[in-house]
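Worksheet: the structure to be examined is printed underneath.
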Amino acid sequence: MKLAKAYEPNEYEPNIYALWEKSGAFKPSGKGEPFSTVMPPPNANGNLHIGHALDMGLKDISVRYKRMRGFDTVYIPGADHAGFETWVVYEKELGKQGKSRFDFTREQLYGQVWDFVDQQRGNMELQLRAIGVSADWEKLVFTLDSKVIKTVYSTFKKLWDDGLVYRGERIVNYSTKFQTSYADIEVDHKQEKGTLWHIAYPLIDRDGEIIIATTRPETLFGDTAVAVNPNDERYKDLIGKKVRLPLADREITIIADDYVDAAFGTGAVKITPAHDPNDFEVGKRHDLERIQVIDFDGTMMNVPEEFKGLEVVEARKATLNALKAKDLIRKEETIEHTVGYDYKSGLPIQPLIKDQWFLKMEPLAKRALEALENDEITFYPASRKQILKQYLQNIRDWNLSRQIPWGIPIPAFQNVDDENDWIFDEFVTEETIEVDGKTYAREEDTFDTWFSSGQWPFITTEALEGGDLSRFYPTSLMETGTDLLDRWIARMIMLGLYVTDKVPFKDVYLHGMVLDEHSQKMSKSKGNVINPMDSIAAYGSDALRLGLIASRSPGQNQAFGPDRIIAGRNFCNKLWNIARFIENKLGDDYTPAAPVAKSLADHWIISELKTAKETIERTLDNYRYAEASDAMYHVIWDSVADWYIEASKDQDNPDLLAWVIDVSLTLAHPFAPFVTETIWQTLQWHDSLLISETWPEIIDFSEIAAAEFSRVQQLVTEARFVITSLPGNEKYGLLYENDSLIEDNKSLIKRLAKLDRVVSTYQPKGLRLAVSGRDAWLDVSEETLSEHQVNLEERLARTHADIQALEGRLSNPNYVEKAPEKLVTETKQQLEEKKAVVIRLQHELEVLKI
RNA sequence: GGGCGCUUAGCUCAGUUGGCUAGAGCAUCUCGUUUACACCGAGAGGGUCGGGGGUUCGAAUCCCUCAGCGCCCACCA
């Protein structure tokens, strides 16, 4: 088959993917040591972004590489119902239809979102295929599959039985926009300027007032105390006295608590247990009443009529106005403080009291810490392990409840006659159940998505059931974004250890964010988003993958622009054209025989491929993808294309040429799977799939012959350099004296250096190629030669400087004694070579002067 | 307040046990229609590796310090 002049990825990629999928190449072989990785399930609610392309691409490189190296390999794909994330998207859809969640029952909503997600999912899975992931699709797990729910429930039951799960009234981070609570780590903290208002609370039973300082005056209606530090002399005799709460016309007591910092504000703090986590704690210590004044929809409640129903922002203004009217504001100061925001809506998070299911994290974190101490998991980059440890050391209990219908229902029921009587039951499709003659009502909340995601490795490998993938647990590699270190990685480790007694993965690779070409975060609003599907359509899947991994190191955010994709595209085309040349050279009826190195170039290219292969192995074994890709790129472009192909136009060795293309394609396959497989399929001597090939074996070659070829290269490079610096563009001949290397490689050198002729002579003249270290001259005219005197002198000076540096090093006794012997020997050798060059150059200059 | 990271060529970045003349892609300049490729070939220019100090025979790499940038965590109202 004849190849088109340029590689057109879109013509081949879908067919190649279908070929792989149909052949069963993605399935584990059942032979060899297991290698497994689990896809961080993309949200089933939309399109993949560039970060997915990076994430999936990196993993796929490892998977393809390990598969070729004979591991029993599996890449388990997934899709995430993405509870809250999907819910937000769906609620927006409802809004467009003029409806709200309150128009439907929980079952109706669940069904509707299910259908919505079902439509989106197919699209997402097609995109994963376009990216080229070699995942075992038959093993795909959706986070709402029954087996997921079953495992999640059994884990919850175990936690319940072990007393690690509890229901409690706590201040939770609440999104009034989406009407659900968040986990602590989902709150976006922003440092900003705010106002600290000093407000006078009049004393009762005596004259005077106490001035409190607050940034949230609107919560004043919920105050149930004023607190001061017990050691604060200013307020000592006020402790226990009562004040009149302005506007609310209620009496509250001044209490003493160590929590209060006498140096901050006025040293007196209003205590609002229902709307501030610290005040909540103070309230517990002093047994204070909790008055909720902000409703779950973000409007005021339990307040005087004029404030009722106001949004928080409005309520603040109204409260301040009312206080001003009564002349109770003593001072306003600007302060820097941190405000928690809803990461999704951008609105402030309201701390509100709610009964929620919590998980006691300390015992779980303790085991995770032990595993980290014991180096049971290797992190790439290593520094993230320390960060994770710190997180685990300061861990807080995890709020598992979400007030959204889209998710896994929490399998708990409450006795309708006794609010403290909760039982575990999986019969969540019923609103009420009867147990022991008592009626129990279903918990309406669902689990935080990350509670199920946190069990992903042992769920997907069916480690608990001993399914046919259970041999892959613990998984080999977990690869995801750095931003998921605490919300996902930490939880997988903790829950993995808790449920299976094993760490869920051996290696963790964390990649940074893909930024735009000016190092700005990509976002729809900035309009700087690179869509992976657009890139694939324009340049091909391999180009995108090559571009994304180039020069990227773990954990580091990195800029990315079209230049890199284009460089990847160009490489694919280069590979394509190497193949075209070889196909043309070998002909349609070529059948390969055992390759044997004949020419110097043959020995050299085998040596080059060997070095590259070893580099790729060493780097890929340590997930240094960029370096591996770089080694692959350069051996193919620089060594195979620029030198070996050129040399083979002069001295051909068909069997070795076939071997070189095969090895090149195999080495490149993990990085550029589509183009390499496409080419493989067109080479008529293959009837197999490249994806299922084994990693190349290097054939015999002579180091000496390979080194000889390097010398030919040196001479050619020197000749090219000198020729380009000469005026005009005439062709020159090469003269040489008694040099068998040149003699034996005459026509090769002539071709590579584009010389007119190469002839042996006893009377050399012209320009000596002194730096090449050979007795060779370019046959140039006397005029050209004298014009080149300056050039020669420059080179002589440079060589002298090199010699000085080398001699300096060798004259240092410490260097000679302490540096490795090999290094010292090399230095000596270099010195000798440089000296020889000087002699040649000097001789040349003398001749010129005559 | 605590922690982490970054600062290397015009741009974006590699450089993992300290060791040849510090690399890549893109960009720039010169030349090139050679029977794979202009999505190309040949060649070139461009860096006191943020500043200062230290350890070492030897530092982009290790230590200290200063400066600038970025991120994460944390209940100071």
Side-chain angles (χ1 to χ4, degrees), chain A residues 3 5-7 171 184-185 189 196 212-216 227 259-261 263-266 268-272 276-281 335 337-338 340 351 381-384 386-387 390-391 394 482-483 485-486 512-513 515 517-519 539 543 547 550-553 555-564 566-585 619 622 624 626-627 630 633-634 641-642 645-646 649 717 720-725 729 751-754 798 801-802 805-806 809 812-820 822-824 826-827 830:
Chain A
L3 297 177
K5 194 169 176 187
Y7 175 54
I171 290 272
D184 293 330
I185 54 178
H189 294 277
L196 187 66
I212 59 89
T214 182
T215 53
R216 301 202 56 192
Y259 150 70
V260 182
D261 175 1
F264 186 89
T266 60
V269 193
K270 66 196 269 307
I271 300 297
T272 323
D276 182 283
N278 293 311
D279 294 6
F280 180 84
E281 293 304 319
I335 56 159
H337 66 151
T338 310
S383 60
R384 302 292 152 162
Q386 197 48 44
I387 299 174
Q390 211 180 310
Y391 169 73
N394 301 307
T482 323
D483 49 324
L485 185 63
D486 45 16
M513 242 186 303
L515 306 174
E517 50 190 329
H518 306 292
S519 298
Y539 303 108
S551 284
R552 188 175 292 273
S553 55
Q556 219 56 47
N557 295 344
Q558 200 205 90
F560 175 68
D563 280 358
R564 286 179 192 272
I566 290 170
R569 188 269 316 257
N570 294 352
F571 175 76
C572 293
N573 193 55
K574 176 55 81 170
L575 207 46
W576 185 257
N577 276 291
I578 293 172
R580 279 183 69 210
F581 172 82
I582 293 178
E583 287 211 315
N584 193 39
K585 189 96 179 161
T619 49
N622 291 294
R624 287 153 58 180
E627 285 170 79
D630 196 56
Y633 178 101
H634 287 289
D642 290 346
I645 295 283
E646 289 309 314
K649 287 175 183 173
T717 305
R720 284 170 175 173
F721 170 69
V722 172
I723 290 168
T724 43
S725 65
N729 47 8
R751 171 186 285 277
L752 293 177
K754 297 191 172 51
R798 219 177 302 153
D802 291 345
L806 292 169
R809 213 182 295 172
N812 180 343
N814 282 320
Y815 175 72
V816 180
E817 277 168 36
K818 293 184 184 173
K822 196 180 150 204
L823 203 65
V824 179
E826 272 174 23
T827 311
Q830 278 169 14

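In what follows, chains are A, B, ... by sequence order, proteins preceding strands, each numbered from 1.
Annotation: B/A77 and B/C64 have their P atoms spaced 33 Å apart (nearest Å). Only the C1' atoms considered, B/G32 is 46 Å distant from B/G68, to the nearest whole Å. Between B/C20 and B/A27, the two P atoms lie 30 Å apart (nearest whole Å). Comparing B/A42 with B/G58, their C1' atoms sit 37 Å apart, to the nearest whole Å. For the P atoms, the distance linking B/G1 with B/U55 amounts to 33 Å, nearest Å. Here, B/G15 and B/U7 have their C1' atoms 15 Å apart, quoted to the whole Å. For the C1' atoms, the distance linking B/U48 with B/G70 amounts to 27 Å, nearest Å. For the P atoms, the distance from B/A22 to B/C4 is 32 Å, rounded to whole Å.
Using Watson-Crick or G-U wobble geometry with both donor-acceptor distances under 3.5 Å, B/G58 finds no partner in any strand shown. With both pairing distances under 3.5 Å, B/A36 is matched to nothing as a Watson-Crick or G-U wobble pair. Judged by Watson-Crick or G-U wobble contacts below 3.5 Å, the nucleotide B/G41 has B/C31 as its partner. Partner assigned to B/C26 is B/G10, using Watson-Crick or G-U wobble distances below 3.5 angstrom. Across all strands shown, B/C69 forms a Watson-Crick or G-U wobble pair with B/G5, both key distances being under 3.5 Å.
Looking at heavy atoms from C-beta onward, A/Asn812 lies out of side-chain contact with A/Val816 at the 4.5 angstrom threshold. Taking the side chain as every heavy atom from C-beta outward, A/Gln558 and A/Ser519 never approach each other to under 4.5 Å. At least one side-chain heavy atom of A/Pro351 sits under 4.5 Å from a side-chain heavy atom of A/Arg216.
The listed nucleotides are B/C75, B/C26, B/G43; the one nearest the side chain of A/Thr724 is B/G43. Of all nucleotides listed (B/A77, B/C73, B/A14), B/C73 comes nearest to the side chain of A/Asp486. Proximity note for A/Phe721 (side chain, C-beta onward) versus B/A24, B/G43, B/A36: the nearest is B/G43. When the nucleotides B/A36, B/G43, B/A24 are ranked by their closest atom to the side chain of A/Thr717, B/G43 comes out on top. Considering only side-chain atoms of A/Arg720, the nucleotide from B/C39, B/A42, B/A36 that sits closest is B/A42. Among the nucleotides B/C26, B/U16, B/C37, the one closest to any side-chain atom of A/Asp563 is B/C26. Closest to the side chain of A/Asn570, from the set B/C40, B/A77, B/A42, is B/C40. Between B/A42, B/C75, B/U12, one nucleotide has an atom nearer to the side chain of A/Ala559 than all others, and that is B/U12. Here the side chain of A/Arg809 is nearest to one of B/U21, B/C6, B/U56, namely B/U21. Closest to the A/His634 side chain, of the nucleotides B/U12, B/A77, B/A24, is B/A24.
To the nearest angstrom, P of B/C20 lies 8 Å from CG of A/Leu823. Following rounding to the nearest Å, A/Gln386 (CD) and B/G3 (P) show an atom-to-atom distance of 11 Å. Regarding A/His189, its NE2 atom lies at a distance of 12 Å from the P atom of B/A77, rounded to whole Å. Between the CD1 atom of A/Ile582 and the C1' atom of B/C37 there is a distance of 13 Å, given to the nearest Å. Whole-Å rounding puts the A/Asn557 CG to B/C72 C1' distance at 11 Å.
Checking side-chain atoms of A/Arg552 against main-chain N and O of A/Ala626 turns up no donor-acceptor pair under 3.5 Å. Without hydrogens or angle criteria, A/Asn394 side chain to A/Gln390 main chain gives a donor-acceptor distance under 3.5 Å. No donor-acceptor pair closer than 3.5 Å links the side chain of A/Glu281 to the backbone N or O of A/Asp276. Between the A/Asn557 side chain and the A/Met513 main chain, a donor and an acceptor come within less than 3.5 Å of each other.
Side-chain atoms of A/Arg751 and base atoms of B/U34 include no donor and acceptor less than 3.5 Å apart. Looking at A/Gln558, its side chain has no donor and acceptor atom pair within 3.5 Å of the base of B/C13. With hydrogens and angles ignored, no donor-acceptor pair under 3.5 angstrom links the side chain of A/Arg580 to the base of B/C37. Within 3.5 Å, a donor on the side chain of A/Lys574 pairs with an acceptor on the base of B/C37, or the reverse. Residue side chain A/Asn812 does not reach the base of B/C57 through any donor-acceptor N/O pair under 3.5 Å, judged by distance alone. Donor-acceptor pairing under 3.5 Å, judged by distance alone, is present between the side chain of A/Glu646 and the base of B/A36.
OP1 or OP2 of B/C13 lies within a sub-4.0 Å distance of a side-chain N or O belonging to A/Ser519. In this structure, A/Lys754 does not reach the B/G41 phosphate: none of its side-chain N or O atoms is under 4.0 Å from OP1 or OP2. Using a 4.0 Å cut-off, some side-chain N or O of A/Ser553 falls inside it from OP1 or OP2 of B/A14. Taking 4.0 angstrom as the limit, A/Lys5 places none of its side-chain polar atoms (N or O) nearer than this to OP1 or OP2 of B/C39.
Nucleic acid contact class of A/Ala227 (heavy atoms, under 4.0 Å, all strands): none. Nucleic acid contact class of A/Ile645 (heavy atoms, under 4.0 Å, all strands): base. The residue A/Tyr7 sits apart from the nucleic acid: no heavy atom pair falls under 4.0 Å. Counting any heavy atom pair closer than 4.0 Å across all strands shown, A/Phe264 reaches a base atom. Residue A/Gln830 is in base contact, counting any heavy-atom pair closer than 4.0 Å across all strands shown.
Classified by interplanar angle (parallel below 30°, tilted 30° to 60°, perpendicular above 60°), the ring pair A/Tyr7/A/Trp576 is tilted.
Salt-bridge annotation for A/Arg580 and A/Glu583: absent, with no side-chain N of the basic residue lying under 4.0 Å from a carboxylate O of the acidic one.
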